[in-house]
Asker: 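Pasting a structure below so you can have a look.
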Amino acid sequence: MGHEQVLFCHSKNPDIKAIIAIHDTSLGSAMGATRLWPYVSEEAALKDALRLSRGMTYKAACANIPVGGGKAVIIAHPKDKTDELFRAYGRFIERLNGRFITGQDVNLTPEDVRTISQETSYVVGVEEKSGGPAPVTALGVFLGIQAAVEFGLLSESLQGVKVAVQGLGNVGKNLCQQLHENGAKLFVTDISKEKTEEVKRLFGATVVEPDEIYSLNVEVFSPCALGGIINSETIPLIQAPIIAGCANNQLGEEKIHSQMLAKKGILYCPDYVINAGGLINVYNEMIGYNEEKAFQQLHNIYDTLIEIFEIAQQQGVTTNGAAKQLAEQRIMMARSLKNQQKRIQESGVRIQEELLRWGASSAGRLSVG
């Protein structure tokens, strides 16, 4: 996948195994949150880290955020979390001297992030100045759904639009609130009955079984759980003409399954574009939170998706391919600019050296004269 660097981190006291994947730093230091998960194998953990880190590169490029893409995974069960484990992990991050900046992902809490920050300054989301990434990510997904409905259904309103939300974590729940407040009709599922009952009570959602969510007769299917759920088994079941959700790595196999969606006439919102709100949030916290600037960048998700839909339509490519094309163009421009700056700097150094040599030889000739 073109990664610059992949590191396997291991310590015995405390016992910790982690993988840090740095995909591309053309736009800046690699930024990506840390996920803690009981992977069945190191191979599975590596695959997750590689795909997620590449997604972060494209996410930053599409969002016009000047950072590169990275991701880290800790191979552990949530019940085995300790402060010692996170401090050891923080020391791994510190050794990279700012090449990788991390934050909170699956199974990490703000308290865990603060523990990591005891060993390294290269961590974001410690203070949660804006209230945490979940509401901002949800708003970005909501804006993406608006863009898809306008482009695909030719409607500027979500009033009466049926949306099936899979996964009611922090982002999924916040998304349901946004949709409910704008008149959408909700169908939801989650492995937690407590979460589904809460969303049913708060937002009048219809609760369905996990296996039913794919085949519902709705306008929008919104995957907000873990990735890989849009695949050869589920695509034939999907009735929604739009897929727009916050989950990472939604496509089981990117090329194959994005083409299957296109052939079926389904408008797919590339996950790393629509769920960029979290990255936008933590980046702005890192540089000094400015609410107006952060929300302008967040609203750019809408415009970027419209641009991607238009590219896909005009060039006859998938929306996933169009998003990748847009991201890679921006990355190539950044590399070109860096190379130009490097050549200018090197030219300046050579001129300085020539001037110094000329000055020394001139001084010698003058002293002789």
Side-chain angles (χ1 to χ4, degrees), residues 62-63 137-168 171-189 199 203-206 208 212-225 229-230 234-247 250-251 257-277 298-323 325-326:
C62 287
T137 304
L139 179 54
V141 176
F142 171 77
L143 292 167
I145 290 174
Q146 282 188 315
V149 167
E150 180 175 334
F151 187 88
L153 304 181
L154 304 179
S155 173
E156 296 183 1
S157 171
L158 293 180
Q159 188 68 41
V161 172
K162 298 187 289 295
V163 183
V165 180
Q166 179 191 50
L168 301 174
V171 178
K173 180 184 173 183
N174 277 279
L175 175 61
C176 286
Q177 180 177 350
Q178 294 275 353
L179 292 166
H180 173 70
E181 289 174 354
N182 283 272
K185 187 175 181 182
L186 295 171
F187 298 81
V188 301
T189 194
V199 171
F203 312 127
T206 300
V208 301
E212 293 179 60
I213 199 74
Y214 302 103
S215 55
L216 293 178
N217 182 21
V218 296
E219 282 76 44
V220 181
F221 171 49
S222 185
C224 294
I229 56 88
I230 301 173
T234 59
I235 290 173
L237 302 175
I238 296 172
Q239 301 300 310
I242 293 169
I243 295 178
C246 70
Q250 294 172 22
L251 300 173
H257 297 132
S258 61
Q259 289 175 347
M260 285 179 67
L261 290 175
K263 285 179 182 177
K264 198 172 177 181
I266 295 174
L267 184 64
Y268 171 64
C269 298
D271 47 47
Y272 53 79
V273 180
I274 196 170
N275 67 11
L298 188 67
H299 280 76
N300 285 343
I301 290 174
Y302 179 100
D303 298 326
T304 300
L305 280 168
I306 294 292
E307 183 179 358
I308 286 166
F309 299 153
E310 289 174 346
I311 291 170
Q313 187 179 70
Q314 292 164 6
Q315 298 185 10
V317 297
T318 66
T319 53
N320 201 59
Q325 177 182 314
L326 180 65

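Keep in mind the model is a prediction, meaning the values are calculated, not measured.
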Asker: Taking atom OG of S222 and atom CD1 of I145, what is their separation to the nearest 0.5 Å?
Answerer: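 S222 OG to I145 CD1: 4.5 Å, rounded to 0.5 Å.
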Asker: For V149, run the side-chain contact (heavy atoms from CB on, under 4.5 Å) check against S157, S155, P241 and tell me which one passes.
Answerer: S155
Asker: Hey, could you give me the CD1/CG distance between I306 and N300, rounded to the nearest 0.5 Å?
Answerer: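 Going from CD1 on I306 over to CG on N300, the span is 13.0 Å.
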Asker: Are V220 and L179 packed together at the side-chain level, in the sense that at least one heavy-atom pair is separated by less than 4.5 angstrom?
Answerer: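 SC-SC contact between V220 and L179 ruled out.
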Asker: How close do L186 and C176 get, counting heavy atoms only, and between which atoms?
Answerer: CD1-O, 3.5 Å
Asker: Looking at every heavy atom in both P223 and I229, which two are closest together, and how far apart are they?
Answerer: CB-CD1, 3.7 Å
Asker: Measuring from atom CG of L326 to atom CD1 of I311, what distance do you get when rounded to the nearest 0.5 angstrom?
Answerer: 5.5 Å
Asker: Keeping the roles fixed (side chain from E156, backbone from L154), state whether a donor-acceptor pair exists under 3.5 Å.
Answerer: no
Asker: In chain order, what residues pass the salt bridge (charged side-chain N to carboxylate O under 4.0 Å, His left out) check against E307, with sequence neighbours excluded?
Answerer: none
Asker: Any idea which heavy atoms bring A148 and F309 closest together, and the distance?
Answerer: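 Heavy atoms only, the tightest pair is CA-CE1, 3.7 Å.
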Asker: Hey, does the side chain of K173 reach the backbone of V199 with a donor-acceptor pair shorter than 3.5 angstrom?
Answerer: no
Asker: Tell me the closest heavy-atom pair linking V218 and K162, and the distance in Å.
Answerer: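 Scanning both residues completely, I find the closest heavy atoms to be CB-O, 3.5 Å.
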Asker: Minimum heavy-atom separation for I230 and L261, please, with both atom names.
Answerer: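 Shortest heavy-atom contact: CG2-CD1, 3.9 Å.
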Asker: Would you please name every residue forming a side chain to side chain contact (heavy atoms under 4.5 Å, CB included) with S258, sequence neighbours left out?
Answerer: L251, T318, N320
Asker: Is a side-chain N or O of D271 found less than 3.5 angstrom from the main chain of Q250, in a donor-acceptor match?
Answerer: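 Confirmed, D271 side chain pairs with Q250 backbone.
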Asker: Can you name the nearest heavy-atom pair linking V141 to C246, along with the distance?
Answerer: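 Minimum heavy-atom contact is CG2-CB, 3.6 Å.
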Asker: Can you check side-chain contact (heavy atoms from CB on, under 4.5 Å) on E212 and T189, steps first, answer last?
Answerer: CA-CA 9 Å; E212 293 179 60; T189 194; over 6 Å; no
Asker: If you measure from CG on L305 to CD on Q146, what distance do you get to the nearest 0.5 Å?
Answerer: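 Going from CG on L305 over to CD on Q146, the span is 11.5 Å.
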Asker: Measuring from I266:CD1 to F221:CZ, what's the distance to the nearest 0.5 Å?
Answerer: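 I266 CD1 to F221 CZ: 10.0 Å, rounded to 0.5 Å.
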Asker: Working to the nearest 0.5 angstrom, can you tell me the gap between N217 CG and E219 CD?
Answerer: 7.0 Å
Asker: So, do L158 and F142 sit near enough that their side-chain heavy atoms are less than 4.5 Å apart?
Answerer: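 The answer is yes; the side chains approach within 4.5 Å.
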Asker: Consider only side-chain N and O atoms of E181 and Q177, and report whether a donor and an acceptor are under 3.5 Å apart.
Answerer: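 Looking only at side-chain atoms, Q177 and E181 do form a donor-acceptor pair, the distance falling under 3.5 Å.
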